[in-house]
Number of protein chains: 2
Amino acid sequence: MPTPTTPPVSALTTDLYELNMVQAYLDKGETGEAVFEFFVRRLPARRGFLLAAGLEDALDYIETLRFTSEEIDWLKSTGRFRDNFLAYLKDFRFTGDVHAIPEGSVCFPNEPLIRITAPLPQAQLVESRLINILHFQTLIASKAARMVLAAPGKILSDFGLRTAHGAEAGLYSARASYIAGFSGAANVVAGQRYGIPVMGTMAHSYIQVHDDELTAFETFARARPNDVIFLIDTYDTEAGARKVVELSARLKADGIVIRGVRIDSGDLIASARKVRGILNAGGLKDVIILVSGGINEDVLQGMMTERAPIDGFGIGVNLDASIDAPSLDCAYKLQEYKGTPKRKLSEGKQTWPGRKQVWRSYGADGRMSGDALSVEGDPQAGEPLIEQVMRGGERIKPAPTLAQIRERAARDLARLPEPLRQLQPGNDYPVKVADKLVALAKEADARTRR
Amino acid sequence: MPTPTTPPVSALTTDLYELNMVQAYLDKGETGEAVFEFFVRRLPARRGFLLAAGLEDALDYIETLRFTSEEIDWLKSTGRFRDNFLAYLKDFRFTGDVHAIPEGSVCFPNEPLIRITAPLPQAQLVESRLINILHFQTLIASKAARMVLAAPGKILSDFGLRTAHGAEAGLYSARASYIAGFSGAANVVAGQRYGIPVMGTMAHSYIQVHDDELTAFETFARARPNDVIFLIDTYDTEAGARKVVELSARLKADGIVIRGVRIDSGDLIASARKVRGILNAGGLKDVIILVSGGINEDVLQGMMTERAPIDGFGIGVNLDASIDAPSLDCAYKLQEYKGTPKRKLSEGKQTWPGRKQVWRSYGADGRMSGDALSVEGDPQAGEPLIEQVMRGGERIKPAPTLAQIRERAARDLARLPEPLRQLQPGNDYPVKVADKLVALAKEADARTRR
């Protein structure tokens, strides 16, 4: 069993109905090959695209999913399940195939991020946690990509652990935003677990425990000589900047270089301008200015427009909770069972049946010009996006590194059509449904006996 | 070491700046007694109160926080830390005191949910994860409480795992919403870990894999005879309801009772009325109707006003991601160091210094009439809310059961003033700042040397 990079979570992190259905399937021997696909139904307001993320963690989950005897005993103790089901869980191994759009790809509604092809109980059992991983990381990567596009060339760091929705949200946010182009994160475990650059300064409390701010700065610089960033707004931001200038000569004499200052309150643009002036006048042109507090993509764009002298941004809950759109409307749907394409007809929730492929075309300028959604094996113009990543329950090739995933994201973001690079996207990206898929949907409707 | 009920997360689930500061404190021997308090700064729009949650998980975290040799080796490998710091982590045990407002209490901005009194490096080290736990559970309990108030007497179940922000968010949402008065959750691990009633039905895919809907219903009922709830909207909701009637006699003959039906799409109120009519006409007056999809407190209130014949609600992402307000503006602030009260002066972020107590008064009708925020040891009218829960790093008394916490929440919600029970609160609840606390703030300002 490979070592998962995903933090271990209980195999019981699933919805009861998955277990109910598996019990019923086992009772009836309903274990034919099922095909499920996960996709986003529509974009949130003001969003023009998605950035796919979470796949490698999802594959780790599928590959390593096991039920402990403690978990099985607990399920037995509820009196809800029969022995055939409990025995099935005891020996559970995912043995199916997985196809997916690679992590770091730009993608759009109705395009399957992942396809699971497996005996029905297996494909059903992984649903809840699979969505839980892919939904959240794609949500955050898509949000982070907007920030990256709004502030090209700036240092962006994920500071959001504290108000992320739990520990895993903090970790996954760091991963997803790094894929989208962030420089790093404050969350230490993101460094240990994923090799993401870890960034950090000091809190206001650090200044406050010292008798005065200057002493606080100096003590910190001597304790952390290779990573000196001072938080200068605890009392008076401009006075704080002047103390940094005062201190710099003394530290320089001891070989300690001040890397930057951070401002966390007030009018950030006005403060940054005053602080830049004070630092420059004091000969500290190389000392960078970081800001934090209330940063989102609109604030970033505003600061870029204003040419605020800010080098980097610590971004908290606007990133980690994707405040303007804290969820994506998404679904994991049965598309085929025992060779027959299936389609859900519930009001307003119709889906495209069958195993699908996504084809992407590019214009002469190298920018994306349109996608086509087809049934698998029905070639369209452009490059196919979905590739097989797992066969018989095992990865086909080694997982890409996070650096490789991040490169793919950078490449794809650079190829976005100009209107989609705006915070208020100018138009919808065309995703055409190929003729054979339209025909397949009609066939599925006609076949449904209800 | 007690067994934590919190899922194990890495001790490196913290922000780098905490470690930076601890390194600096250890270098200078700055290990005096520090007092930090965690509080919410202001309420989100349309919110009138908070419901405190997460305390017992937070105490588990504090009590069991240890650094593994693997984690320490990794920190060492970064080259950022010195041996004194690594040795400190190796032997780390929290030895401080904790005071808190009990879980399940209604509370308001500026009222400390928790107070940590400990040697400075300890009190600093626990900051990020402590906020991460308390912020999220309080966020969700406060959201869930609005739903509970909007739909008295209805079955409310947390269906939100899949689009919760990671596995822990799904688990904590189940816990926090159960505290607020939800009936249960779909997330199985919430049952195993916290003893929360687990609820579940079936997915549309279950219906689709069968040749027809009636066969799907019957198979399910025979596999799960004690928990029969049919999802009836896969193809045509009214037709689905008629099949339930058709099936009921056959199942009854075998001693299987249909408990309910679920509708997950379309106009839920209109569908529920039609379905209720069909079920009643078929003699199934006792079969309950559950609905899911897009439910929030406003929808609930609308359905109550319309007297929709709906018995229960599965609530997903509106709960688990607290969609209308996915975060609370909150802070963990140094209030005292080595016996001297401290206060942050950053623009717009001033805090009340010192160790505080909250006093709550009630009117003749038994409803809450106002709170007072005071320094500890300055009695005000009313009952004190903050109590000591940990001494020298150990719990003073056994943790309350989840049932007890839930009872407290029910009691407090029943005592809310009427305007605060509305979804659009009619007025602000009065939280008075006692004279001595105002004076202490002025003293702290005057003392600050900056």
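Protein chains get the first letters and strands the later ones, always in sequence-line order, with residue 1 at the start of each.
For a residue to count as touching a neighbouring chain, one of its non-hydrogen atoms must lie under 4.5 Å from one of that chain's; by this rule B:N226 does not touch chain A. Contacts between B:F81 and chain A at a heavy-atom distance below 4.5 Å involve backbone atoms as well as side-chain atoms. Within the 4.5 angstrom heavy-atom criterion, atoms from both the backbone and the side chain of B:N20 approach chain A. When heavy atoms are compared at a cutoff of 4.5 Å, B:L130 does not approach chain A at all. Looking at B:Q137, neither its backbone nor its side chain comes within 4.5 Å of chain A, counting heavy atoms on both sides. Only the side chain of B:R82 comes within less than 4.5 Å of a heavy atom of chain A; its backbone N, CA, C and O stay farther away. With a 4.5 angstrom heavy-atom cutoff, B:L120 touches chain A only via side-chain atoms. With a 4.5 angstrom heavy-atom cutoff, B:L328 touches chain A only via backbone atoms. The part of A:E127 that comes within reach of chain B is its side chain, from C-beta onward, which places non-hydrogen atoms under 4.5 angstrom from that chain. Only the side chain of B:Y337 comes within contact range of chain A, with at least one heavy atom under 4.5 Å from a heavy atom of that chain. There is no contact between A:L26 and chain B, counting heavy-atom distances below 4.5 Å. When heavy atoms are compared at a cutoff of 4.5 Å, B:E71 approaches chain A by way of both its backbone and its side chain. Of the atoms belonging to A:I229, not a single heavy atom falls under 4.5 Å from chain B. With a threshold of 4.5 angstrom between heavy atoms, A:D329 does not approach chain B through any atom at all. With a 4.5 angstrom heavy-atom cutoff, B:V209 touches chain A via backbone and side-chain atoms both. Using a 4.5 Å cut-off between heavy atoms, A:H165 contacts chain B through both its backbone and its side chain.
Residues passing the side-chain hydrogen bond (donor to acceptor under 3.5 Å, both in side chains) test with B:T31: none are found, sequence neighbours excluded. B:D15 pairs by the side-chain hydrogen bond (donor to acceptor under 3.5 Å, both in side chains) definition with A:R162, B:S128, not counting sequence neighbours.
Most heavy-atom pairs under 4.5 Å with chain A: of the set B:C330, B:G170, B:G191, this distinction falls to B:G191.
Separation of the B:Y17 and A:Y206 ring centroids does not fall under the 6.0 Å cut-off.
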(message) salt bridge (Lys or Arg N to Asp or Glu O under 4.0 Å), that's the test. Do A:R175 and A:E168 meet it? Break it down for me.
(response) CA-CA 11 Å; A:R175 182 178 189 277; A:E168 194 173 73; over 6 Å; no
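The main-chain N or O of A:W74 is found under 3.5 Å from a side-chain atom of A:S77 such that the two form a donor-acceptor pair.
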